[in-house]
Amino acid sequence: MNNQSGGGHSWSAYSRAGSAMFLVGSLAAVSGVVNDYPFYGGQAARYLVSALLLFAVAYGRRIPLIRPTRREALLLVALAATGLVLFNLFVIEGTKHANPAIVGTIVGTVPIVLALAGPVMHRTRPSARIIVAASIVVAGTALASGLGTSDTQGILYSVGALACEACFSLLALPLLVRLGPVRVSAYTAATSVPMLIALGLLTDGPSNFVRTPTLGELSGLAYLAILVSGIAFLLWYRALPMLGPDRAGLFAGIIPVGTILTSLTLGFGLPAPAELAGVALVITGLLVGLYRPRASAQTAAEAVVPAQV
């Protein structure tokens, strides 16, 4: 175990969690470049490249690829199936029945889910301050993302995507204790590839599953593979055990910030006043949730942190 404490430890975890969610937020702006590419083929290629890069990181850092136990293997399959494959499937189907804004707003309530579910997993009481902070973050996310209309199926798919988003963190926590963030990231990405291939062949057929990408599509897929799936996974899984799922979940509010700034960088236009107001609310919620009195900080410093390998 590698126990770290103090302000440096906290700010390191904050920067990692914030950077991870910023990169995830950039996905919405960048994905427009690959919208016309076969979805499941693109996702399978994306996670295959991510897995290879993550295994290369493990090799470069001399991290042995230890064999998961049976329990860990089952958790990895569940994590890949929910956090990667089903999440993408639910989002796709959800947007067929609902305005993308409503899908994003429902999935954006994940900070509240993690604020409640995280402590329950550890048999502790949820923090009232974290729940209040998560509610502020969710309100800011909804304001920044906008509201939309949906039928019943759209709501159900969106709720399913929300559950999968929560599983991406909650199922990883017990795996990170022994495997660490590099192995968990690599194993999860690799496990999702055959699932996505099977789903793509079943949905699109062998002839439509993949095709040669254009230069723009290749650039977009490379960005998703390297930054959104590779670096963001590592950053998130390093920060998660340090912060706990309740405080880490607050950083999901950074997702619309990443979307807005990336869209601005790519020349998609200036953010609307509601988006800026939503970002301000998200920042307020983060400040409320991450502020800890000295006594609380001392208690947190005594927590055990999994080995960062």
Side-chain angles (χ1 to χ4, degrees), residues 1-25 79 83 107-142 162-163 165-177 180-181 184-185 232-258 278-308:
M1 296 293 179
N2 179 22
N3 298 340
Q4 300 175 10
S5 60
H9 161 76
S10 295
W11 284 111
S12 174
Y14 296 164
S15 63
R16 286 169 176 165
S19 298
M21 291 299 101
F22 183 91
L23 289 172
V24 171
L79 176 58
V107 174
T109 63
V110 70
I112 292 180
V113 175
L114 293 179
L116 295 172
V120 169
M121 284 183 61
H122 293 90
R123 299 180 182 180
T124 60
R125 294 180 61 182
S127 164
R129 178 170 53 81
I130 295 296
I131 293 175
V132 169
S135 300
I136 297 172
V137 168
V138 167
T141 302
L162 168 63
E165 179 69 9
C167 287
F168 183 72
S169 295
L170 297 176
L171 291 176
L173 278 169
L175 291 167
L176 290 166
V177 174
V184 171
S185 299
F233 277 23
L234 282 177
L235 291 172
W236 183 250
Y237 283 153
R238 282 185 179 278
L240 183 63
M242 295 180 183
L243 297 174
D246 50 354
R247 284 196 297 150
L250 297 175
F251 286 90
I254 298 291
I255 290 176
V257 180
V279 169
L281 266 181
V282 166
I283 294 172
T284 300
L286 284 171
L287 292 175
V288 171
L290 299 180
Y291 170 76
R292 290 180 298 168
R294 289 182 179 272
S296 299
Q298 180 63 33
T299 301
E302 297 171 357
V304 175
V305 178
Q308 300 299 300

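Atoms considered below: every heavy atom in the structure, side chains included; atoms not considered: hydrogens, waters and symmetry mates.
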Value rounded to 0.5 Å, distance of [atom1] in [X] from [atom2] in [Y]:
X: Arg247; Y: Arg129; atom1: CZ; atom2: CZ; result: 8.0 Å
X: Ser19; Y: Arg238; atom1: OG; atom2: CZ; result: 13.0 Å
X: Leu240; Y: Phe168; atom1: CG; atom2: CZ; result: 9.0 Å

For a quick test of reading the model, state the closest non-hydrogen atom pair linking [X] to [Y] and the distance between them.
X: Ala115; Y: Pro126; result: O-CB, 3.7 Å
X: Ile130; Y: Gly289; result: CD1-O, 3.3 Å
X: Pro241; Y: Leu176; result: CD-CD1, 3.8 Å
X: Ala232; Y: Val24; result: CB-CG2, 4.5 Å
X: Val282; Y: Gly140; result: CG2-C, 3.8 Å
X: Pro111; Y: Gly249; result: CG-O, 3.3 Å

Is there a side-chain contact between [X] and [Y], using heavy atoms and a 4.5 Å cut-off?
X: Ile112; Y: Ile131; value: no
X: Leu243; Y: Phe251; value: yes
X: Pro119; Y: Asp246; value: yes
X: Phe233; Y: Val184; value: no
X: Leu79; Y: Cys167; value: no

Worksheet entry | Ser15 side chain to Ser12 backbone, donor-acceptor under 3.5 Å | yes

Item to complete: Please check if the side chain of Arg16 supplies one atom and the backbone of Trp236 the other of a donor-acceptor pair under 3.5 Å.
Response: no

Worksheet item: Who passes side-chain contact (heavy atoms from CB on, under 4.5 Å) against Ala133, sequence neighbours left out?
Response: Leu250, Val288

Worksheet item: Can you list the residues that meet the side-chain contact (heavy atoms from CB on, under 4.5 Å) rule with Leu170, with sequence neighbours excluded?
Response: Leu114, Ala117, Met121, Ala166, Pro245

